[in-house]
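Working notes, beginning with the structure itself.
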2 protein chains.
Amino acid sequence: MPKNCNFVDKLREIGLRPTKQRVKLCELLFLREKTFHFTINDLVKKISDEMNEKISLATVYNTVHAFQKKGYLKEIAINSDKTYYDTNTSIHHHFYDEETHELIDCNQNDIDSINLKKNIPGKKIKSVEVLIKVASDNQNQN
Amino acid sequence: MPKNCNFVDKLREIGLRPTKQRVKLCELLFLREKTFHFTINDLVKKISDEMNEKISLATVYNTVHAFQKKGYLKEIAINSDKTYYDTNTSIHHHFYDEETHELIDCNQNDIDSINLKKNIPGKKIKSVEVLIKVASDNQNQN
DNA sequence: CAACAGTTTAGAATAATTATAATGTATAAT
DNA sequence: ATTATACATTATAATTATTCTAAACTGTTG
Ligand SMILES: [Mn+2]
Ligand SMILES: [Mn+2]
Ligand SMILES: [Zn+2]
Ligand SMILES: [Zn+2]
């Protein structure tokens with residue numbers, strides 16, 4: 001979702017009614033310099049803290065799912081406790097800080113291209129993504 | 001956990017009492033040629049289907065967690081719906097079949113070594129793992 | 001054989017997510 | 001503009017995976 005765009009028009013364009021909840025969420029999610037990685041809870045918290053809004057939990061779920069379906073959010077699997085979402089919907093890699101539980105993008109060009117020597121017969125590769133877990137030196141790996 | 005080992009002795013050795021539930025689970029998990037990737041539910045199902053046993057769900061969770069803590073099982077993050085476990089506890093890569101939801105190991109030597117050009121200041125790299133999503137050609141990527 | 005700590009278990013509790021169904025709103029049709 | 005309709009929001013209930021609890025049970029030690 002382009003940062004410099006009219007969310008009302010953009011939403012209509014992609015077939016979603018521009019409700020005030022959706023526009024608010026667009027502003028929160030897409031009006032950013034950098035990629036935003038978040039959980040539903042992060043989002044609900046930001047809505048009440050940063051903006052002074054109240055959007056019901058169900059709507060936050062609905063909207064995130066709608067944006068994901070339209071290709072403007074991507075689900076990132078880090079662990080099974082919570083679902084992480086990413087405003088960077090391209091195939092890319094991540095650093096995951098085991099201490100702060102923070103995700104940081106690592107783009108294709110931050111890694112030498114990955115060359116697979118193995119493949120699965122009859123199957124096509126849909127994505128190749130790297131997860132780099134990091135922590136302070138004095139940290140036992142999970 | 002070595003395939004050719006006395007699980008009773010082995011369990012005692014690592015500080016876990018060799019209960020019949022734990023020994024049964026060892027047989028189910030570690031008496032295998034190949035790496036085993038599973039969810040708790042897979043395991044519960046196999047216990048009642050393949051073996052004719054009944055181990056309570058709480059015990060399955062307890063035991064899997066105990067084995068994980070001792071370093072004989074590893075948690076694999078694929079999606080946030082279910083937790084996957086792996087009898088291959090080394091740092092390694094995976095193919096994930098989006099259709100069958102099956103995990104297949106891809107060892108270090110199936111991939112050219114990964115060279116990171118980016119790093120996080122003050123943080124140490126704990127692991128670098130690749131997830132390769134695959135599907136039949138006629139499949140829309142998730 | 002005690003005695004004790006560790007273990008299993010059914011069931012309750014929790015937490016994330018999804019479903020439901022009533023109310024509200026954007027938009028299309030009149 | 002008014003009305004009709006499909007789409008959205010919402011509170012709340014339901015579901016699902018997982019963890020907790022506390023009582024009964026079992027392996028180990030002396
Ligand atoms: Mn977990
Ligand atoms: Mn999911
Ligand atoms: Zn990202
Ligand atoms: Zn594996």
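Order of the sequence lines sets the chain letters (A, B, ...), proteins ahead of strands, with each chain counted from 1. Computed from heavy atoms alone, side chains included, the values below leave out hydrogens, waters and symmetry copies. This one's a predicted model, so the numbers in the text were calculated from it and none came from an experiment.
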From dT9(D), dT8(C), dT28(D), nucleotide with atom closest to Q21(B) side chain:
dT8(C)

One thing to verify: whether R12(B) and D9(B) come together as a salt bridge, which I'm taking to mean a side-chain N less than 4.0 angstrom from a carboxylate O.
yes

Between dT9(D) (C1') and F67(A) (CZ): distance, integer Å
14 Å

Per atom distances to the L16(B) side chain, the nearest of dT7(C), dT8(C), dT9(D) is dT7(C)

Separation of D9(B) atom CG from dG27(D) atom C1', in whole Å?
14 Å

For the pair made of CZ in R22(A) and P in dT27(C), what is the distance, rounded to whole Å?
10 Å

Rounding to an integer number of Å, can you tell me how far K69(A) NZ sits from dA8(D) C1'?
14 Å

Please tell me whether Q21(A) and T63(A) have a donor and an acceptor in their side chains that are separated by less than 3.5 angstrom.
no

Is a side-chain donor-acceptor pair under 3.5 Å present for T59(B) with N62(B)?
no

With a 3.5 Å cut-off and no angle check, do the side chains of D86(A) and H37(A) form a donor-acceptor pair?
yes

Between R12(B) (CZ) and dT26(D) (P), how many Å, whole number?
17 Å

When you match P18(B) and L57(B) each to their closest nucleotide on DNA chain D, which lands nearer the 5' end?
L57(B)

Could you tell me whether the phosphate oxygens of dT25(C), OP1 or OP2, come under 4.0 Å of any side-chain nitrogen or oxygen in R17(A)?
no

Rounding to an integer number of Å, can you tell me how far I55(B) CD1 sits from dT26(D) C1'?
15 Å

Can you tell me the distance, in whole Å, between the CD1 atom of I14(B) and the C1' atom of dT7(C)?
15 Å

Presence of salt bridge, K123(A) and E102(B), under 4.0 angstrom:
no

Rounded to the Å, how far apart are I47(A) CD1 and dT9(D) P?
12 Å

Parallel, tilted or perpendicular, as decided by the 30° and 60° cut-offs, for the rings of F67(B) and F30(B)
tilted

Please say which of N109(A), D110(A), D112(A) ends up in a side chain to side chain donor-acceptor pair (under 3.5 Å) with K117(B).
D112(A)

Would you indicate what K54(A) reaches in the nucleic acid, counting non-hydrogen atoms under 4.0 angstrom: base, sugar-phosphate, or nothing?
sugar-phosphate

Distances for protein N/O vs nucleotides 11-16 of chain C N/O pairs under 3.5 angstrom?
| unit_1 | atom_1 | unit_2 | atom_2 | d |
| --- | --- | --- | --- | --- |
| dA16(C) | OP1 | K82(A) | NZ | 3.4 |

Can you tell me which nucleotide in dT9(D), dT10(D), dA26(C) comes closest to the side chain of T19(A)?
dT9(D)

Closest to the I40(A) side chain, choosing from dA10(C), dT17(C), dT26(D):
dT17(C)

Out of dT8(C), dT10(D), dT28(D), which has the shortest distance to the side chain of N62(A)?
dT10(D)

Report yes if a side-chain nitrogen or oxygen of T59(B) is closer than 4.0 Å to either non-bridging phosphate oxygen (OP1 or OP2) of dT9(C); otherwise report no.
yes

Going by atom types alone, do D105(B) and H94(B) pair a side-chain donor with an acceptor below 3.5 Å?
yes

Ignoring backbone atoms, test whether H65(B) places a side-chain nitrogen or oxygen under 4.0 Å from the OP1 or OP2 oxygen of dT18(D).
no

